[in-house]
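Let me begin by presenting the structure, written as structure tokens, before commenting on it.
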Amino acid sequence: MGDTNISAVLLEKGNLKLEERPIPKPGKNEVQIAMHSVGICGSDVHYWVHGAIGDFVVRAPMILGHEASGTVSEVGEGVTHLKVGDRVAIEPGVPCRFCDYCKGGRYNLCHEMQFCATPPVDGSLARYYVHAADFCYKLPDHVSYEEGALLEPLSVGVHACRRAGVTIGSKVLVCGAGPIGLVCLLVAKAMGAAQVAITDIDTKRLEVAKQMGADFPVHVTTRDGREVADQVVRTLGCNPDVTVECSGAEPSVQTGIFATKSGGVLVLVGLGPPTINIPIVNAAVREVDIRGIFRYANCYPTALSMVASGQVNVKPLVTHRFSLEQTLEAFEASKKGEGIKVMIHCDKNKA
Ligand code: NAD
Ligand code: ZN
């Protein structure tokens with residue numbers, strides 16, 4: 001095809017470079033994708049700056065990026081549901097499909113999970129990328145490439161709100177108004193939440209949350225988790241049925257416990273320090289269920305339906321746009337945290 005495969009390679013901690021890589025060929029049940037939109041996630045920036053997240057350490061050069069969409073440019077043997085030219089969203093984690101977790105439908109917990117840009121697996125921030133065809137979802141014509149890329153964080157929101165049991169009439173507290181808190185807000189509303197309160201320490205982010213439909217933005221100005229919980233209850237007029245914690249900050253998890261009504265659910269989406277101090281007896285005696293979430297399983301089709309039908313509008317999340325050649329600038333912008341979602345466009349020829 002006479003094209004090159006510029007790829008955003010993290011060589012080691014702090015050293016992100018554009019490099020030429022061979023154009024990968026699709027194997028059996030795989031498709032080659034001419035990449036279009038790749039969103040930068042906090043984890044991409046974290047690997048770049050720190051070289052590791054928990055036990056996942058970058059020990060060899062790795063291509064970054066996992067919030068992605070593009071156009072099928074070649075199909076491998078056995079692929080029947082996609083053809084060259086199809087626009088697709090890429091679900092970045094491919095599990096083994098054989099273990100008990102996979103068979104039980106909780107494939108996000110599969111020990112063999114190959115997840116883009118989680119070391120040592122290469123991500124998709126490149127001109128061309130090859131992926132398992134059954135983890136690619138054809139986009140309807142009216143759904144944009146950027147919306148396709150945003151199905152990744154949106155799927156986190158779908159999984160979190162499902163685990164939280166959000167339903168018609170729910171009173172919901174979302175802690176943290178970053179990209180993940182905002183998608184949880186959107187999904188909670190779409191699932192029928194009556195009112196959503198959302199906290200943050202950053203007033204600009206709360207302003208965005210308000211524009212995206214939050215009923216009660218709550219500005220956090222103290223590290224006293226109980227005080228913030230009281231503030232939330234006063235604002236909402238009651239204790240939230242469910243809390244979706246999306247900051248990972250210790251005082252915010254404490255707020256999540258204190259605020260959630262007895263018998264309610266607190267979902268921990270935010271991943272902060274591995275060990276924190278929390279009022280566990282308060283949760284125990286009030287039967288507040290604390291549930292973790294890890295990415296998502298079986299959420300892409302739902303996320304796509306929500307976007308395609310107009311139930312959620314993810315477009316306002318994108319605040320910055322860069323070309324693949326401007327990857328370093330894009331990462332710098334994302335690190336500064338000024339906007340919400342930074343999007344990289346890998347295809348020079350497509351809008
Ligand atoms: P982000 O850093 O952009 O957003 C976090 C927000 O929390 C920021 O706006 C920050 O100002 C706010 N915050 C900080 N301290 C706070 C406090 N005490 N009270 C209220 N708000 C506070 O990150 P993001 O991309 O939105 O991701 C959110 C979290 O979700 C991260 O910890 C990330 O690692 C995690 N995450 C988890 C999963 C999973 O599968 N469990 C998936 C994706 C992201
Ligand atoms: Zn498995």
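Start at 1 and go down the list; that is how both ligands and their atoms are numbered.
For ligand 1, the polar-atom distance check against Ala177 finds no nitrogen or oxygen pair separated by under 3.5 Å. Any N or O atom pair closer than 3.5 Å counts here, and Cys175 shares no such pair with ligand 1.
Using a 4.0 Å cut-off between charged side-chain N and carboxylate O, Lys171 and Asp241 make no salt bridge. Using a 4.0 Å cut-off between charged nitrogen and carboxylate oxygen, Arg223 and Glu250 do not count as a salt-bridge pair. Salt bridge status for Lys189 with Asp215: present, with a side-chain N to carboxylate O gap under 4.0 Å. One finds no salt bridge joining Lys103 and Asp100 here, because no Lys/Arg side-chain nitrogen approaches an Asp/Glu carboxylate oxygen to under 4.0 Å.
Contact record, Arg205 with Gly178: NH1-CA, 3.4 Å, taken as the closest heavy-atom pair. Summarising the geometry of Lys341 relative to Cys41, their closest heavy-atom pair is NZ-CA, 4.0 Å, with the distance given to 0.1 Å. Listed here is the closest heavy atom pair of Cys175 and Glu245: CB-OE2, 3.5 Å. The minimum heavy-atom distance between Phe135 and Pro95, with the atom names listed, is CZ-CD, 3.3 Å. Minimum interatomic distance between Val267 and Ala160 (heavy atoms only, all atoms of both residues): CG2-O, 3.9 Å.
The closest approach between a heavy atom of Gly176 and any atom of ligand 1 is below 4.0 Å. In this structure, Ala249 counts as a contact residue of ligand 1, since one of its heavy atoms falls inside 4.0 Å of the ligand.
Protein heavy atom closest to atom 14 (C) of ligand 1, with residue, atom name and distance, is Ile201 CD1, 3.8 Å. The shortest contact between atom 32 (O) of ligand 1 and any protein heavy atom is with Leu271 N, 3.0 Å. Protein heavy atom at the shortest distance from atom 30 (O) of ligand 1 is Gly270 CA, 3.6 Å. Among protein heavy atoms, atom 40 (O) of ligand 1 sits closest to Arg295 N, 2.5 Å. Distance from atom 7 (O) of ligand 1 to its nearest protein heavy atom, with residue and atom name: Ser247 CB, 3.3 Å. For atom 28 (C) of ligand 1, the closest non-hydrogen atom of the protein is Cys246 O, 3.1 Å.
Contact annotation: for Pro179 versus ligand 1, heavy atoms closer than 4.0 Å belong to both the backbone and the side chain.
Summarising the contacts of atom 21 (N) of ligand 1 with Asp200, Val183, Asp202, the nearest heavy atom is found in Asp200. Of the listed residues (Val269, Ile40, Val228, Ile293), the one carrying the non-hydrogen atom nearest atom 38 (C) of ligand 1 is Val269. Evaluated by nearest non-hydrogen atom to atom 43 (C) of ligand 1, the leading choice among Leu182, Ile180, Asn108, Ile53 is Ile180.
Backbone or side-chain N, O or S atoms of His111 do not reach the Zn ion (ligand 2) at under 2.8 Å.
The atoms of ligand 1 that sit less than 4.0 Å from any heavy atom of Thr199 are 20 (C). Listed by atom number, the atoms of ligand 1 under 4.0 Å from Phe294 heavy atoms are 40 (O). Counting the atoms of ligand 1 from 1 in the order shown, those under 4.0 Å from a heavy atom of Arg205 are 1 (P), 3 (O), 4 (O), 8 (C), 9 (O).
The Zn ion (ligand 2) forms the vertex of an angle spanning SG of Cys110 and SG of Cys102; to the nearest 10 degrees it equals 110°.
Side-chain atoms of His81 come within 3.5 Å of backbone atoms of Ala133 as a donor-acceptor pair (strictly under, hydrogens ignored).
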Could you please spell out the steps behind the ring pair (Phe, Tyr, Trp, His ring centres under 6.0 Å) verdict for His36 and Tyr145? CA-CA 7 Å; His36 188 285; Tyr145 286 109; 3.9 Å; yes
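Hydrophobic side-chain contacts under 4.5 Å tie Val121 to no other Ile, Leu, Val, Met, Phe, Trp or Tyr residue.
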